[in-house]
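Below: one structure, written as structure tokens.
Just so it is clear, the structure is predicted and the values come from calculations on it, not from any experiment.
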Amino acid sequence: MNELACLVQQTADRLAGRRVGAVVAGLAGDGVEIRGAGRIGPDGGTPGPHTLFEIGSVTKVFTSLALARLALDGRVRLDEPLAEVLTGPAGEPAVVPVKGAQPITLRHLATHTSGLPRLPRGMLMTSLLKPNSPDPYAGCTVEEVLDGLARTRLRAVPGRSFRYSNLGAGLLGLALARRSGTGYEELVAREVCAPLGLVDTCVRSDAEQSARLAHGHTQGGRPVPYWNLAAIPGMGGLRSTAADLVAFLRAQLDAEREPEAPLASAIALTRETRHRVNPFAWTHLGWLGHRLHTQQGGHLQIWHNGGTGGFRSFVAFDPEKRVGVVALANTRRPADPAGTALLRRLQNEFASTG
């Protein structure tokens, strides 16, 4: 086993436990290793590259890449007001809250600068954190989300400050689907998955994919139900595999070197857009970014994590040193620390500027 494979396997072993499993991928230059550990579920075997996991908020980078594609094609504008794009189930214009003279735009939604709250009105964060709780989004409809939006008060003037909002990302996915005349899953499949050859990134798993779907667990290893974000899936409703996410990261790493590659222009647009959060961190369209200064130099990390009732995900890369990490686990235990540690090792030991 080579050094990259050893580091990836060690990280997978660290994330997996007696009752749960993990799949970890490491990209370094043109090399990639994908390793699994633990178990898919009570009766399942070791997870691997094609095991499906709920990826939670990593969905947001897919939603924002779809936004970039539509913007480049002239079907939407980044600074187009949400109120001009978002409609209800019957095609009626949605009522979008305002604060000051600046309307909420699609750019604001993708960079978490809309001023919207974290969750739809009426949904408490505590309901998402109860052990063994049922899917908190199961009864959430588009009508309820839009009715709550009309009664929502913005926390800040749009564009002024960073406030992470699941609601904002969900509304972005809904608005883009409405403008495209399709559902969110079909939108992502057409604009992102098909060009990149992603075959297992979906909202609804078919029968064959469901057989490869890991079971979710609490931190203590107890099984929990899957989540269904059917009303606003753009904030966290996708399922995917390590194999698909490696292909997605490869496109991110190759975008600057291969400007004619699929989605390279859209990927460039997502990273050209930036909102400064503090001196060390910022947001792109969908992605979060920061630079840590260490004895080995400045480490750039562009990343997103995700979590549902029984899954955790972490995806990160450094386009300057051409390394990346995918970490997927079917447990509520965070994957960020192990994933970040692996990325640091790759930055220090496998960095490539070619």
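Taking CG of Leu346 as the reference point, atom NZ of Lys321 lies at 11.0 Å (rounded to 0.5 Å). Taking CZ of Arg77 as the reference point, atom CD of Glu84 lies at 6.0 Å (rounded to 0.5 Å). Atom-to-atom distance recorded for Thr340:OG1 and Arg345:CZ is 14.0 Å, nearest 0.5 angstrom. Rounded to the nearest 0.5 angstrom, Asn330 CG and Leu52 CG are separated by 12.0 Å. To the nearest 0.5 angstrom, Leu65 atom CG is 6.5 Å from Gln252 atom CD. Going from atom OH of Tyr226 over to atom CZ of Phe311 covers 5.0 Å, rounded to the nearest 0.5 Å.
Using modelled atom types and a 3.5 Å distance limit, the side chains of Asp79 and His108 yield no donor-acceptor pair. Looking only at atom types and distance, the side chain of Asp200 has a donor-acceptor partner in the side chain of Gln209 under 3.5 Å away. With hydrogens and angles left out, the side-chain atoms of Ser180 and Arg75 include no donor and acceptor closer than 3.5 Å. Tyr137 and Thr308 are not linked by any side-chain donor-acceptor pair at a separation below 3.5 angstrom, with hydrogens and angles left out of the test.
Shown here for Ala177 and Leu187, the closest heavy-atom pair between the two residues is N-CD2, 3.9 Å. Taking both residues in full, the closest heavy atoms of Ala12 and Ala22 are given as O-CB, 4.0 Å, listed atom of the first, atom of the second, then distance. Closest non-hydrogen pair, Leu263 versus Glu191, comes out as CD2-O, 3.6 Å. Closest of all the heavy-atom pairs between Gln9 and Ala37 is NE2-CB, 4.1 Å. Between Val323 and Phe350, the closest heavy-atom pair is CG1-O, 4.0 Å. Between Ala66 and Leu176, the closest heavy-atom pair is C-CD1, 4.4 Å.
Summarising the local packing, NE2 of His50 is surrounded by 12 or fewer heavy atoms from other residues, nucleotides or ligands at distances under 6.0 Å. By the 6.0 Å contact criterion, CZ on Arg190 is enclosed, its count of non-hydrogen atoms from other residues, nucleotides or ligands being greater than 12. For Glu80, the CD atom counts as densely surrounded, since its 6.0 Å shell holds more than 12 non-hydrogen atoms of other residues, nucleotides or ligands. Applying the 6.0 Å contact sphere to CZ of Arg153 captures no more than 12 heavy atoms from other residues, nucleotides or ligands.
In this structure, the side chain of Arg121 engages the main chain of Arg151 through a donor-acceptor pair within 3.5 Å. Between the side chain of Thr59 and the backbone N or O of Gly56, at least one donor-acceptor pair lies under 3.5 Å. A side-chain donor-acceptor contact under 3.5 Å links Ser313 to the backbone of Ile55. A donor-acceptor distance shorter than 3.5 angstrom exists from the side chain of Glu54 to the backbone of Trp227, with no hydrogens or angles considered. In this structure, the side chain of Thr273 does not engage the main chain of Thr270 through any donor-acceptor pair within 3.5 Å. Proximity of a side-chain donor or acceptor of Arg322 to a complementary backbone N or O of Leu253 within less than 3.5 Å is detected. Side chain of Arg178 to main chain of Thr87: a donor-acceptor pair is present (N/O by atom type, distance under 3.5 Å, no hydrogens or angles). Using modelled atom types, one side-chain atom of Thr331 and one backbone atom of Thr218 make a donor-acceptor pair closer than 3.5 Å. With Asn348 contributing its side chain and Arg344 its backbone, the two residues share a donor-acceptor pair below 3.5 Å. A donor-acceptor pair under 3.5 Å links the side-chain atoms of Thr11 to the main chain of Leu7, judged by distance alone.
Here the side chains of His299 and Arg291 are not in contact, with every heavy-atom distance at 4.5 Å or above. Looking at heavy atoms from C-beta onward, Pro233 lies out of side-chain contact with Glu185 at the 4.5 angstrom threshold. Residues Leu198 and Thr241 fail the side-chain proximity criterion, which asks for heavy atoms closer than 4.5 Å. Annotation: side chain of Leu172 is not in contact with side chain of Leu82 (no heavy-atom distance under 4.5 Å). Side-chain contact between Met235 and Leu167: absent, with no pair of heavy atoms (C-beta onward) separated by less than 4.5 Å.
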Would you give me the side-chain donor-acceptor pairs under 3.5 Å for residues 90-104, sequence neighbours excluded?
{"from": "Glu92", "atom 1": "OE1", "to": "Ala90", "atom 2": "N", "distance (Å)": "3.0"}

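Two rings, from Phe280 and His290, have their centers 6.0 Å or more apart.
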> Which is it for Ser57 and Tyr164 under the side chain to side chain donor-acceptor pair (under 3.5 Å) test, yes or no, and what are the steps along the way?
Replying inline: CA-CA 11 Å; Ser57 287; Tyr164 188 88; 3.3 Å; yes

> Please walk me through it: do Leu213 and Arg239 pass side chain to side chain contact (heavy atoms under 4.5 Å, CB included)?
Replying inline: CA-CA 9 Å; Leu213 179 62; Arg239 296 168 176 176; 3.4 Å; yes

> Does the side chain to side chain contact (heavy atoms under 4.5 Å, CB included) test come out yes or no for Leu343 and Gln301, once each step is laid out?
Replying inline: CA-CA 8 Å; Leu343 185 67; Gln301 178 173 307; 3.5 Å; yes

>> Could you go through Asp13 and Val24, starting from their C-alpha distance and side-chain angles, then the distance that decides it, and tell me whether this counts as side chain to side chain contact (heavy atoms under 4.5 Å, CB included)?
In response: CA-CA 9 Å; Asp13 291 339; Val24 174; over 6 Å; no

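Relative orientation of the Phe317 and Trp287 rings is perpendicular, given thresholds of 30° and 60° on the angle between their planes.
Identified under the ring-ring contact (aromatic ring centres under 6.0 Å, His included) test for residues 182-225, with sequence neighbours left out: none.
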